[in-house]
Structure formats: structure tokens, C-alpha cells
2 protein chains.
Amino acid sequence: MFSFSEENYLKAIFHLEKKYQAGVSTNALAEEMETKASSVTDMIKKLSEKELVVYKKYQGVKLSELGKKTAIQVVRKHRLWEYFLVEKLDFNWDEVHDIAEQLEHIKSEKLTRELDKFLGFPKRDPHGDPIPDAEGNFSVANKMLLAELDKDEKGICVGVKDSSSEFLRFLDKNNISLGKEIKVLEKEAFDGSMLIVIEERELRISQLISNNLYIKTQ
Amino acid sequence: MFSFSEENYLKAIFHLEKKYQAGVSTNALAEEMETKASSVTDMIKKLSEKELVVYKKYQGVKLSELGKKTAIQVVRKHRLWEYFLVEKLDFNWDEVHDIAEQLEHIKSEKLTRELDKFLGFPKRDPHGDPIPDAEGNFSVANKMLLAELDKDEKGICVGVKDSSSEFLRFLDKNNISLGKEIKVLEKEAFDGSMLIVIEERELRISQLISNNLYIKTQ
DNA sequence: AAATAAATTTAGACAAGACTAAAAATATTG
DNA sequence: CAATATTTTTAGTCTTGTCTAAATTTATTT
Ligand SMILES: [Mn+2]
Ligand SMILES: [Mn+2]
Ligand SMILES: [Mn+2]
Ligand SMILES: [Mn+2]
């Protein structure tokens with residue numbers, strides 16, 4: 001089917017399209033892929049040749065229907081494997097991303113379907129991100145950033161924006177995990193820091209933290 | 001660590017060394033890898049450079065200690081994943097090899113260890129082959145080929161030599177599976193075919209079959 | 001022990017995917 | 001709007017792993 005590299009580009013474009021609806025720029029893609037702009041141009045041409053993306057020179061790139069479908073299948077596999085690692089193999093949520101980056105490229109529709117079934121058709125991965133079903137459908141939750149809450153408002157923690165080990169371990173250390181309720185006690189206008197309460201404990205967090213935690217309000 | 005291709009060559013050499021103790025020839029390796037002899041020579045040089053094999057021009061190749069250790073880890077992963085697919089995801093034993101060929105290259109020691117634990121440290125894969133433990137140790141069972149049995153002798157089916165889908169489906173169709181007892185009722189000297197009895201049913205099998213079924217005698 | 005056959009290696013080429021440096025196109029600014 | 005800055009593309013190179021064709025070495029026959 002498609003190479004690992006092609007799949008990784010498609011996935012990156014898929015994620016960046018949320019932010020750049022008008023088309024994903026070569027530089028944005030180069031940064032996401034941790035490669036050089038010239039390499040991106042080369043690959044975009046190949047993807048365009050294969051009708052996985054729509055590309056006009058200097059105008060950025062968009063996924064075609066086929067490209068989008070392919071990207072979603074890769075994301076589906078990534079998130080199913082992350083769920084598997086956490087729920088079945090006792091991995092912590094900060095340890096699974098790199099392994100899922102490898103597993104997401106395993107080619108077998110039956111494997112993906114059977115894994116999904118084995119896991120009980122989970123709807124969200126360990127970081128709160130939606131897992132597309134076999135048809136590629138998934139629901140985008142109406143979540144918001146904790147930073148958007150005002151004093152005395154509260155919400156349930158439902159996901160992370162940054163899913164780096166560093167951030168996830170910080171959350172672990174402070175006993176913040178998905179499903180818990182967070183209430184804003186104070187909000188400092190000057191630096192955006194907050195005093196929150198989570199499970200009866202008070203905690204002061206910087207804006208960098210509240211900007212990377214998704215919550216859902218009732 | 002090592003590339004997929006390098007790992008595949010090491011695994012192929014590992015398997016061929018059983019048959020060619022004096023050194024695996026370039027042609028034998030080319031056939032096993034389904035590639036050309038010149039490509040094999042190229043790769044052998046690279047592996048030799050990395051001290052994974054011992055190579056003298058025109059003299060065939062052998063695994064170094066490091067090469068052997070690496071090959072065994074790949075085999076361990078291959079067989080653990082095959083076991084996982086059959087035992088947890090309800091795959092049939094004839095469907096797992098190609099997927100395991102992909103999964104065996106996933107790089108994460110922790111994943112392999114945790115998978116092993118999750119599976120209950122299985123000793124044999126679905127085809128009866130031994131699964132090396134984390135240290136690379138595994139027991140070679142004292143099995144023999146069904147073809148070696150004489151009239152009126154019996155044994156327990158413990159493995160397959162050929163693990164192609166075609167052969168495995170043939171066994172399924174004839175209700176032959178690992179763990180079952182087979183008794184030889186007749187043995188035809190002319191063509192090596194046998195009349196066997198397995199679970200009260202009589203069955204005539206060609207020598208090609210009996211030459212690819214491992215059994216253990218009491 | 002030549003002569004021939006078979007196995008193996010070398011030489012040169014190619015595709016994928018990356019890189020650097022330079023050129024070209026687009027955006028921004030005075 | 002011309003000058004400058006930024007972005008993007010092109011040109012040329014490199015590495016990995018493969019291939020074909022030719023050369024070389026080893027094995028087998030007469
Ligand atoms: Mn991830
Ligand atoms: Mn995730
Ligand atoms: Mn197998
Ligand atoms: Mn097997």
C-alpha cells in the first residue's frame with residue numbers, strides 16, 4: 001500500500017489541516033515532520049502524483065478524499081494501539097506514543113478490526129483523543145481548554161493538547177488525570193496562572209499547563 | 001538499532017544455520033530472502049562491517065554472538081505476536097505469519113516483555129515452535145517427523161515444518177491439530193504414503209504431508 | 001589436469017527518501 | 001512600488017537496498 005514515510009506525511013497533514021484550513025504550508029509540514037522544506041516538497045510531489053493530496057506550487061497542500069481516508073486509518077491504528085498498551089499491557093500514558101508510532105504502520109485490516117473488537121471498541125485513546133471506527137467516523141467532543149475557564153467555574157478533565165512525556169508526567173505527579181473534576185478558585189490576570197482544586201487538593205498551575213488541558217463543562 | 005532488512009537477513013541466516021552448520025551460502029540466503037545473490041553479497045558485507053556476522057569471501061556466512069542474539073530477539077517477537085494473534089484476537093494459525101513478519105520489527109524491549117507477561121509467558125507458538133525467553137533461551141523439543149514412524153507406532157502431533165497457509169488449511173480440513181495423537185496403521189513402501197488414525201478417524205496421507213508434521217513419541 | 005559448470009563477487013545503475021546550497025516566487029515593508 | 005525578507009522550489013548529492021550484466025572464484029567433469 002503506502003510507505004511508512006508517506007503515511008507519516010498524510011497523518012501530519014491531517015493534523016495540521018485543523019489549524020491551516022486554507023492549505024498546509026511546506027514549512028509547517030517540515031516542522032511537524034522534523035525535516036527540511038526541500039524534503040517536504042519532494043514528498044508532496046509524490047503524494048500528489050498518487051492523488052493522495054491536492055497540491056499547487058507555492059499554495060500549500062490539502063488531503064484528497066483518499067488521502068484523508070488513509071490518514072484517518074493510520075490515526076485509528078495509532079490510538080487503538082495506545083489504548084491496548086495502556087489497558088492491556090499496563091503501560092503508563094506517557095510511554096505509549098513512540099511505540100504507537102511504529103505500530104500504526106502495520107498493514108492488516110483484519111488485525112485492526114480484531115484489535116478493536118478485543119478492546120471493546122473504545123471511543124477514546126489514553127490522552128482523550130477520539131478513536132475513529134472502521135469506517136473512519138469519530139466524534140469531536142465539545143471540549144475547551146482549562147485556560148478558558150473563569151474564576152469559580154468547573155469542568156471535567158477530558159484530554160490533553162500536549163501529549164509529551166514531560167507534560168503527562170507532570171500531570172501524574174500532581175494527580176491530574178482524565179475524568180477528574182477541576183474547579184478554578186482564582187485566576188491571575190497578570191500571568192494567566194490559576195489556583196485550582198482537584199480532588200480536594202489545591203494546586204497552582206501556570207498558563208502553560210491550563211493551555212494544554214482539555215475540559216468539558218456540564 | 002537495526003533496519004528491517006538487516007533483521008530479516010539475520011533471522012534468515014539463523015534459520016538456515018540449522019541446515020548449513022558450516023556456513024550459509026549466498027545462494028541459500030538469496031533463495032530464503034527471495035532476492036538476488038548479488039544483493040545478498042552486498043548486505044552480508046554491511047552485516048559483517050557491523051560485526052553481526054562472520055564472513056569470508058566465497059566461504060558463506062555465520063552469525064556472530066551479537067548477530068545470533070539479535071536474530072533470536074526477532075524470532076521471539078515473531079512467535080509472541082503469532083501467539084497473541086491466535087490466542088487473543090482469534091486468528092487462525094494459517095493467518096498470522098505475514099502479520100508477525102511486520103510486528104517482529106517493532107522496537108521496544110518493554111513492549112516485548114509486557115506482551116510476554118500478558119500472554120502468560122507461552123513456551124510455543126501456534127505452529128509448535130519454541131518461543132525464546134527474554135534472555136534468548138529456548139528448548140528444542142526432541143521431536144521427529146511423522147514420516148519416520150513405522151507401522152503401528154504412534155506419537156503426539158507437536159509442530160509443523162511447513163507453516164504455509166496451504167499446508168495449515170489442509171491440516172484444518174482433515175482435523176489434524178497440535179496435541180492430537182496419531183497412530184500409523186499402514187505404511188506404503190512404494191510412495192511413503194501412510195494410513196493413519198487420528199481421533200478414531202482413518203486418513204491416508206502422502207509422504208509430503210508426513211514429512212512436514214512433527215510428532216513426539218512417548 | 002584441463003575444461004566446463006556453478007557459485008559468488010564486482011561494477012554500474014536505479015528508486016526512495018533524505019540533505020545542502022542556490023534559484024525562484026511570494027510576502028512584507030519603507 | 002521598489003527593495004528586502006521570507007517561503008518554496010530546484011539542482012545536485014548521499015545512503016540504503018535492490019537489480020542486471022560481467023568478471024572472478026570454486027566445484028565438478030571429462
Ligand atoms: Mn500518540
Ligand atoms: Mn494519543
Ligand atoms: Mn511465522
Ligand atoms: Mn510460527
Side-chain angles (χ1 to χ4, degrees), chain A residues 1-14 16-17 19-63 67 70-71 74 101-102 104-105 107, chain B residues 1-14 16-17 19-63 67 70-71 74 101-102 104-105 107:
Chain A
M1 214 50 182
F2 303 113
S3 72
F4 283 25
S5 194
E6 287 169 333
E7 289 188 346
N8 284 333
Y9 272 92
L10 293 176
K11 189 168 55 120
I13 298 168
F14 176 74
L16 288 170
E17 272 186 347
K19 195 172 163 189
Y20 304 98
Q21 295 96 333
V24 177
S25 72
T26 302
N27 268 358
L29 200 40
E31 186 177 11
E32 176 81 10
M33 293 294 297
E34 296 182 70
T35 185
K36 297 301 159 90
S38 56
S39 306
V40 170
T41 303
D42 285 348
M43 180 54 92
I44 286 175
K45 283 180 186 167
K46 287 170 201 158
L47 296 176
S48 181
E49 203 61 46
K50 297 186 180 185
E51 312 224 289
L52 289 161
V53 300
V54 178
Y55 168 59
K56 280 203 308 235
K57 267 190 197 175
Y58 297 100
Q59 304 304 297
V61 74
K62 291 181 191 186
L63 292 178
T70 308
V74 177
E101 284 292 309
Q102 301 179 62
E104 73 189 3
H105 301 294
K107 277 147 190 83
Chain B
M1 214 51 183
F2 303 112
S3 72
F4 284 25
S5 194
E6 288 169 332
E7 290 188 345
N8 284 333
Y9 272 93
L10 293 176
K11 189 169 55 117
I13 298 167
F14 176 73
L16 289 171
E17 272 186 346
K19 196 171 161 189
Y20 304 97
Q21 295 96 333
V24 176
S25 72
T26 302
N27 267 359
L29 201 39
E31 186 177 10
E32 176 81 10
M33 294 293 300
E34 295 181 70
T35 185
K36 297 301 159 91
S38 56
S39 307
V40 170
T41 304
D42 286 347
M43 180 55 90
I44 286 175
K45 284 180 186 167
K46 287 169 200 159
L47 296 176
S48 181
E49 203 60 46
K50 297 186 179 183
E51 311 223 292
L52 289 162
V53 300
V54 179
Y55 169 59
K56 279 202 309 236
K57 266 190 197 173
Y58 297 100
Q59 303 305 298
V61 73
K62 292 181 191 187
L63 292 178
T70 307
V74 177
E101 284 292 308
Q102 301 179 60
E104 71 189 4
H105 301 294
K107 276 145 189 85

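Quick caveat: nothing in here was measured; it's all calculated off a predicted structure.
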Could you tell me whether a side-chain N or O of B/Glu32 sits under 3.5 Å from a main-chain N or O of B/Ile13, the two making a donor and an acceptor?
no
List the atom of B/Ala30, the atom of B/Lys36, and the distance in Å for their closest heavy-atom pair.
CB-C, 3.9 Å
Using atom CD of B/Gln59 as one end and atom C1' of D/dT25 as the other, report the distance to the nearest whole Å.
10 Å
Between C/dA11, D/dT9, C/dA7, spot the one nearest the side chain of B/Ser38, thanks.
C/dA11
Please write out each protein N/O paired with an N/O of nucleotides 12-17 of chain C under 3.5 Å, distance rounded to 0.1 Å.
| residue | atom | partner | partner atom | Å |
| --- | --- | --- | --- | --- |
| C/dG17 | OP1 | A/Ser3 | OG | 2.6 |

Phosphate OP1/OP2 of C/dT10 contacted by B/Lys45 side-chain N/O (<4.0 Å)
yes
With a 4.0 Å heavy-atom cut-off, tell me which residues in residues 29-36 of chain B come close to DNA chain D, sorted by residue number.
B/Thr35, B/Lys36
Selection from D/dT18, D/dA11, C/dT8 that lies nearest to any side-chain heavy atom of B/Ser39:
D/dT18
Please report the shortest heavy-atom distance between A/Thr41 and A/Tyr55, naming the atom on each side.
CG2-OH, 4.0 Å
Has B/Thr35 got a side-chain atom pairing as donor or acceptor with B/Glu31's backbone, closer than 3.5 angstrom?
no
If you compare every side-chain N and O of A/Lys57 against the phosphate oxygens of C/dT26 (OP1, OP2), does one of them come in below 4.0 Å?
no
Short side-chain N/O contact from B/Tyr55 to OP1 or OP2 of C/dT9, under 4.0 Å
yes
I'd like to know if A/Lys11 pairs up with A/Glu101 as an ion pair, taking the criterion as any Lys NZ or Arg NE/NH1/NH2 lying under 4.0 Å from an Asp or Glu carboxylate oxygen.
yes
Please tell me if A/Asn27 has a side-chain N or O lying less than 4.0 Å from either OP1 or OP2 of D/dT8.
yes
Side-chain donor/acceptor of A/Thr26 to base of D/dT9, under 3.5 Å:
no
How about NZ on A/Lys107, more than 12 heavy atoms from neighbouring residues, nucleotides or ligands closer than 6.0 Å, or not?
yes
Let me know the distance between NZ of A/Lys56 and P of D/dT9, rounded to the nearest Å.
13 Å
So which heavy atom on A/Val53 is nearest to which on A/Ile44, and how close?
CG2-O, 3.9 Å
So that I know where these two stand, are A/Phe4 and B/Phe4 an aromatic pair - ring centroids less than 6.0 Å apart?
yes
Between B/Tyr58 (OH) and D/dT25 (P), how many Å, whole number?
6 Å
Backbone N/O of B/Ala71 and side chain of B/Glu7: donor-acceptor pair under 3.5 Å:
no
